[in-house]
Amino acid sequence: MFLTISTSGTAAFPATDLGFLLHKHPDKAQKFSTSYGTAHVFYPEADAQRCTAALLLEVDTVALVRRGKGKGRGGAPDAALAQYVNDRPYAASSLLAVALSGVFSSALRGVCNARPERAAAPLPLRIEVPALPARGGPDLVRQLFEPLGWAVTADPVALDTEFPGWGDSRYVRLVLESEKLTLAEALRHLYVLLPVLDDAKHYWVSSDEVDKLLRAGDGWLPGHPEQKLITSRYLSRRWSLTRQAMERLELVRLAEADDSEVESIDNAVEEESEAEEKPTPLAVQRREAILAALRASGAARVLDLGCGQGQLVQELLKDVRFSEVVGVDVSVRALTIASRRLKLDRMGERQAARVKLFQGSLAYTDNRLKGYDAAVLSEVIEHLDLPRLPALEYAVFGHARPRTVLVTTPNVEYNVRWETLPAGHVRHGDHRFEWTREEFRTWSATIAERYGYEVEFAPVGPDDPEVGPPTQMALFHRNDTEKEAKAA
Ligand code: SAH
C-alpha cells in the first residue's frame, strides 16, 4: 500500500523543504520496521519546483496471519481463507495510517525545528492514494475531505480493466489538493480518515483510541458535518467509546465557541467596578479563598478539575507545600493556553515534576484522578447540563475520592447586584444553571450524604446581608479519613 505527498516550490521556498517538514531527507531512501511489515520512504522527484515523498508499506502477510489480524472483512465462514487472501497488502487502511503516524510522527505534530515557520504555514499540497477502500463510495470520500478544505478527486477503480463489464471495485484512486492546509493538518486528516473509509481496523480498539482521535482531530473534527460517522467508524462502531468521544467533542466545541464569542460577563463586571474603586477582582478572591482552604486542609497533592487556562495551577505551584498539582480540562484549547501560561516547555526539571496537565472529561470515571489529597472544582459544575451532573459527582466523590473537595459556583441571588447583568440572565453564556444558596446547600448535603463526606460552606466576595456573596463555596471532607489515618 502506497501514498504520495507532493508540494511545489515558491519564489521564497524550494519544494525540497518538504524533506525538512517530514524529517526525511529527499536524497535518501529509508526503511522503518513496523509490527506489520516494512515502511519505505523515498522521493520519486525532488527539486526546487516539485517534490514528492512516497510512503510505501510492505505488509508482512505472515506477521498479519500470526497475529490473527489479517482477516480483513468477511463473515465467519470464509474467515480462514480471508486470513490469506485479502486486500491488506494492497489497500490503504488502518495499517497505512499507523505507519504514517509512526514514520512521520513529528510532522504529524507540526514540529520542525529546522523550518518552524514553514511547518506552521499552509503550503500547496497534492496527496495521492492509488487504492483506497471506500466504504460508502466516492460520495462519502468527498463528504469527508471537502469540508476540510480539500479539492477531492475520487475515481472508482475498475474491478478488472480487461473486463469493463464487471464494473467498479469498492476502491477509489484518491487525489487531494489544497493550498490552505499545513502539512500537519493534512497528515492528521489522513491518519483519521483512511481507517474511517476502510472501516475495518486491524487491531482491537480500546479506550485510549478516544484520546488518539481527539488529539488527531483537534482543530477540525469538532463541528465536522460527518463528525458522528467519523467518530463511530474510527472507534470500530463501539458504541460506548463513540458516545464518550462525541460528548468530549461537543464540550470542546462549546468551550471554543465560548472562548471566542462570549466575554464573560463576570469579568466585564469586574473590569467596570475596578475602574471605580479598584476592588480585588472576584476571580482573584476566589483563588485566594481556595488556596487558603487547601492550605488549611493540609493537602499536598492537588487536582484542579476543569482547570481552564491554568491560573489556579500557576498560583498553587508558587507554594512548595503543594508537591504535585494536576490540571484537568476537557478543552484542548484551554490546556494549550494553560501550558503556555505556565511555560511548561521552559520549566526546570524539578518544577516540571510537580505539575501535570491533561485532557479528560469529568463526566467519566478516570483512574488517573485517584489517590490525590484534594480536588478543586472552581466554577465548573454550572458548565454541565443538569442531567450530566450525577456522572461528575460519581467520578469525583465516588471514584476519585480525594480527602478534600472544594466546589465553587455562582450564587444566582447575587445577580441583582451586577448592574450590567440584565435581569434573569446568567453570568456567562455557557452556564447551564446558576443556583441560589439554598439550592447549592441542598445539592451539597445530598452528595455528602451519598458519598460519605462532611460539608461546610464559605462565602467568597462581599457577603451581602440580603442576597449573600457573589460566589459560594462548599468544602467537603471525607468521613473515613480518620479511620484511614489510624489504619495506616
Ligand atoms: N476552574 C477555572 C475555569 C472555570 S471555566 C476557573 O475557576 O477559572 C469551566 C471549565 O470547565 C472550562 O475550562 C471547561 O472547559 C471545563 N469543563 C466543562 N465541562 C467539563 C467536563 N465535563 N470535564 C472537564 N472539564 C470541563
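Whatever order the structure lists ligands and atoms in, that order sets their numbers, starting from 1.
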Exercise for the section: Using heavy-atom distances, let me know which of Leu389, Ile381, Asp329 sits nearest atom 10 (C) of ligand 1. Expected result: Asp329
Exercise for the section: Looking only at distances, please establish whether an N/O atom of ligand 1 is found under 3.5 Å from an N/O atom of Ser378. Expected result: yes
Practice task
For the residue pair Glu382 and Thr409, confirm or rule out a side-chain donor-acceptor distance under 3.5 Å.
Solution key: yes
Exercise for the section: Could you tell me which atoms of ligand 1, counted from 1 in the order shown, lie closer than 4.0 angstrom to a heavy atom of Ser331? Expected result: 15 (O)
Exercise for the section: Can you label the angle between the Tyr451 ring and the Tyr394 ring as parallel, tilted or perpendicular, going by 30° and 60°? Expected result: tilted
Exercise for the section: Select the closest option to atom 23 (N) of ligand 1 among Leu384, Val380, Ile337, Leu362, judged by heavy-atom distance. Expected result: Leu362
Completion exercise
Looking at Asp366, Val332, Val330, the heavy atom closest to atom 20 (C) of ligand 1 belongs to Val330
Problem - Pair His399-Asp366, side-chain donor/acceptor within less than 3.5 Å - result: no
Practice task
Out of Glu379, Glu247, Gln309, indicate the one that has the non-hydrogen atom closest to atom 4 (C) of ligand 1.
Solution key: Glu379
Practice task
Using distance alone, determine whether Gly306 and ligand 1 share an N or O pair under 3.5 Å.
Solution key: yes
Problem - Any side-chain donor near an acceptor of the partner, Glu449 and Thr446, under 3.5 Å - result: no
Handout entry: Asp373/Arg301 ion pair, N-O < 4.0 Å
Key = no
Handout entry: Side-chain donor-acceptor pair present, Gln359, Arg248, cut-off under 3.5 Å
Key = yes
Exercise for the section: For Gly360, counting its heavy atoms only, list the atoms of ligand 1 lying under 4.0 Å from any of them. Expected result: 23 (N), 24 (C)
